[in-house]
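The next block holds one structure in the form of structure tokens; read it before the comments.
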Amino acid sequence: MDFGICFKGFIEADRARYLVRMAEHAGFSHCWFYDSHVLWRDCYPAIAMCMEHTSNMHFGPLVTNPDVRDWSVAASMFASLAKQAGGRFEIAVGRGDSSRRVMGKKPASLERVAEFVQSVKAMVRGDEVRYDGAPSAVKFPWAVGYELPTWIGAYGPMALKCAGENADGVVLQIAEPGLCKWFAEQCRAAAKSAGRDPTKFKVMSAAPAFFGSQEECFEATKWFPAMVGNHVADIVEKYGKETDLVPRTLTAYVEKRQGYDYSKHGQSDNPYLEFITPDVVDAFCVLGSPNDHIEKLTALRRSGVTQFNIYLDNGDEENIIATYGQKIIPAFRA
């Protein structure tokens, strides 16, 4: 299992440099940044900076979307960062939950997500690509043939199918082993049906990790199920809360959800957190003692997860990184 860390765009530059160096030394292989350009600073200057202060760590947005940049601009930036860092760049793509909705716009369709992933990957490789009604094809004469690793964020059946058919992996913003297994199996089945090798398909569980008592962990991470609730609410609206297409264990907790403040996206001071309960937080995150973390991560690995990505949004970042490096990551390297 690989291990990653993830930052929001308000982290200061000197702290980002310090934490990524620490994480690389501790054995983390990936560092991801939120890509929501209105809520937080643009992530790509920070990614370029952190690449210069690491040697092996891979970087990327988690997640970008098709509708905030012209695709040739996005692909040029991705290819440039990949070349600059010797191939240490990946992308995760979604429909544009916060990035679009904070501006009052709708997220992109899954069809557009799939086309974006395929088109950008081809441009980064150096192929000619015609997209979005452009009158002529785009080709980067300076491309070096880099095969850009791609991920798609998904929960619902159609999104999981889209990920399996079009990306190299899926991002699951949840750390509940049973649900991750259900998600992963659908993606790999879709990959197989599309003629792709399902054994090469990657599965990321992205969620907060925190050490402490149940009360401490709850207060630090209760923002996360509320953020996930936006996606779950979309699924319920599309499929209904009693559908067999989505597990009841995923949809039940949003029944008392009253709303969401996108200006406080992913933050503990969001005013719409009342519906979150300790059992939901415990299910969605990785919490407790180091042994508790190892036990849950072992279950996640058995469920098909290939990377656990920690949202470092709860404080105590140094302790989390150090404890993972000393006690947890070594347990998964044997």
Side-chain angles (χ1 to χ4, degrees), residues 1-8 11 15-35 43-44 46-64 78 81-93 121 124 146-153 163 167-175 180 184 187 199-209 285-286 290 293-294 296-313 317-334:
M1 180 185 283
D2 291 329
F3 289 84
I5 55 174
C6 188
F7 294 121
K8 289 195 185 84
I11 185 169
R15 183 156 179 76
R17 291 191 293 265
Y18 162 65
L19 289 174
V20 296
R21 288 195 297 263
M22 182 181 182
E24 184 174 65
H25 179 74
F28 288 85
S29 60
H30 288 73
C31 178
W32 302 92
F33 282 81
Y34 286 49
D35 185 7
C43 66
Y44 299 100
I47 287 173
M49 175 190 69
C50 290
M51 284 175 164
E52 295 300 311
H53 290 267
T54 53
S55 301
N56 302 305
M57 183 171 277
H58 284 228
F59 292 86
L62 195 105
V63 296
T64 191
F78 300 158
L81 286 167
K83 188 175 188 305
Q84 179 175 314
R88 294 187 291 126
F89 187 77
E90 310 181 11
I91 63 167
V93 182
K121 191 178 180 87
V124 171
Y146 180 60
E147 287 294 329
L148 177 68
T150 58
W151 306 71
I152 288 177
D168 301 305
V170 65
V171 177
L172 308 173
Q173 287 182 304
I174 197 167
C180 286
C187 289
T199 65
K200 295 181 179 179
F201 190 81
K202 297 182 179 181
V203 178
M204 179 197 302
S205 167
C285 305
V286 179
H293 285 235
I294 290 171
K296 188 159 192 180
L297 291 167
T298 299
L300 284 169
R301 183 171 62 177
R302 288 172 179 163
S303 75
V305 169
T306 61
Q307 181 180 154
F308 178 57
N309 177 27
I310 301 174
Y311 285 128
L312 284 179
D313 297 316
E317 292 87 359
E318 284 87 349
N319 179 51
I320 292 168
I321 292 171
T323 303
Y324 264 73
Q326 293 166 4
K327 298 182 179 181
I328 296 173
I329 292 177
F332 295 88
R333 294 289 186 260

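Side chains included, hydrogens not; waters and symmetry mates left out as well; all remaining heavy atoms used. Computed from a predicted model, the values in this text were never measured in an experiment. We number each residue from 1, following the sequence as shown.
Here the closest heavy-atom approach between residue Val203 and residue Gly304 is recorded as CB-O, 3.4 Å. Minimum heavy-atom separation, Val286 to Ala175: CG2-CB, 3.8 Å. For Cys187 against Ala163, the heavy-atom pair with the smallest separation is SG-CB, 4.3 Å. Scanning all heavy atoms of the two residues, the minimum distance from Arg333 to Gly27 falls at NH2-O, 3.2 Å. The minimum heavy-atom distance linking Pro290 with Thr323 is given by the pair CG-CG2, 4.0 Å. Nearest approach of Pro330 to Lys327, heavy atoms of both residues: CD-C, 4.0 Å.
Atom CD1 of Ile328 sits about 12.0 Å away from atom CD1 of Ile321, to the nearest 0.5 Å. In this structure, NZ on Lys121 lies 5.5 Å from CD on Glu147, to the nearest 0.5 angstrom. Distance check: Leu148 CG to Phe89 CZ gives 7.0 Å after rounding to the nearest 0.5 Å. We find the CH2-CG distance between Trp151 and Leu172 to be 9.5 Å, quoted to the nearest 0.5 Å. Rounding to the nearest 0.5 Å places CZ of Phe308 at 7.0 Å from CG of Leu300. Rounding to the nearest 0.5 Å gives a distance of 8.0 Å between CG of Leu297 and OG of Ser205.
Residues Cys180 and Ile174 form a side-chain contact, since some pair of their non-hydrogen atoms from C-beta on lies under 4.5 Å apart. In this structure the side chain of Lys8 never reaches within 4.5 angstrom of the side chain of Leu312, judged on heavy atoms. Between Val170 and Phe201, some side-chain heavy-atom pair lies under the 4.5 Å cut-off. Considering only heavy atoms from C-beta on, Tyr324 comes within 4.5 Å of His293 through its side chain. The closest side-chain heavy-atom distance from Ile310 to Phe3 is not below 4.5 Å. Between Met204 and Leu62 the shortest side-chain heavy-atom distance falls below 4.5 Å.
Residues satisfying the side chain to side chain donor-acceptor pair (under 3.5 Å) test with Ser29, not counting sequence neighbours, are none. By the side chain to side chain donor-acceptor pair (under 3.5 Å) test, Ser55 pairs with no residue at all, sequence neighbours left out. Asp2 meets the salt bridge (Lys or Arg N to Asp or Glu O under 4.0 Å) test with no other residue; sequence neighbours excluded. Applying the ring-ring contact (aromatic ring centres under 6.0 Å, His included) test to Tyr311 and every residue at least two apart in sequence or in another chain returns Tyr34, Phe224. Residues passing the side chain to side chain donor-acceptor pair (under 3.5 Å) test with Lys202: none are found, sequence neighbours excluded.
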Leu19 and Glu318: CA distance, side-chain angles, deciding distance, side chain to side chain contact (heavy atoms under 4.5 Å, CB included) verdict: CA-CA 7 Å; Leu19 289 174; Glu318 284 87 349; 4.3 Å; yes

Might you work through the side chain to side chain contact (heavy atoms under 4.5 Å, CB included) test for Arg15 and Glu317, ending with a clear yes or no? CA-CA 10 Å; Arg15 183 156 179 76; Glu317 292 87 359; 3.0 Å; yes

Criterion side chain to side chain contact (heavy atoms under 4.5 Å, CB included) on Thr64 and Val93, from CA distance to verdict: CA-CA 5 Å; Thr64 191; Val93 182; 4.0 Å; yes

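Classification of the His58-His30 ring pair by plane angle, with boundaries at 30° and 60°, yields tilted. Relative ring orientation between Phe78 and Tyr44 is described as tilted, the plane-to-plane angle lying within the 30° to 60° band.
Side chain of Lys296 to main chain of Cys285: a donor-acceptor pair is present (N/O by atom type, distance under 3.5 Å, no hydrogens or angles). Without hydrogens or angle criteria, Asn309 side chain to Ile5 main chain gives a donor-acceptor distance under 3.5 Å. The backbone N or O of Ile91 sits nowhere less than 3.5 Å from a side-chain atom of Thr150 that would complete a donor-acceptor pair.
Between the side chains of Gln307 and Trp32, at least one donor N or O lies within less than 3.5 Å of an accepting N or O.
For residues 16-27, every residue pair satisfying the side chain to side chain donor-acceptor pair (under 3.5 Å) rule, not counting sequence neighbours, is listed here: Arg21-His53.
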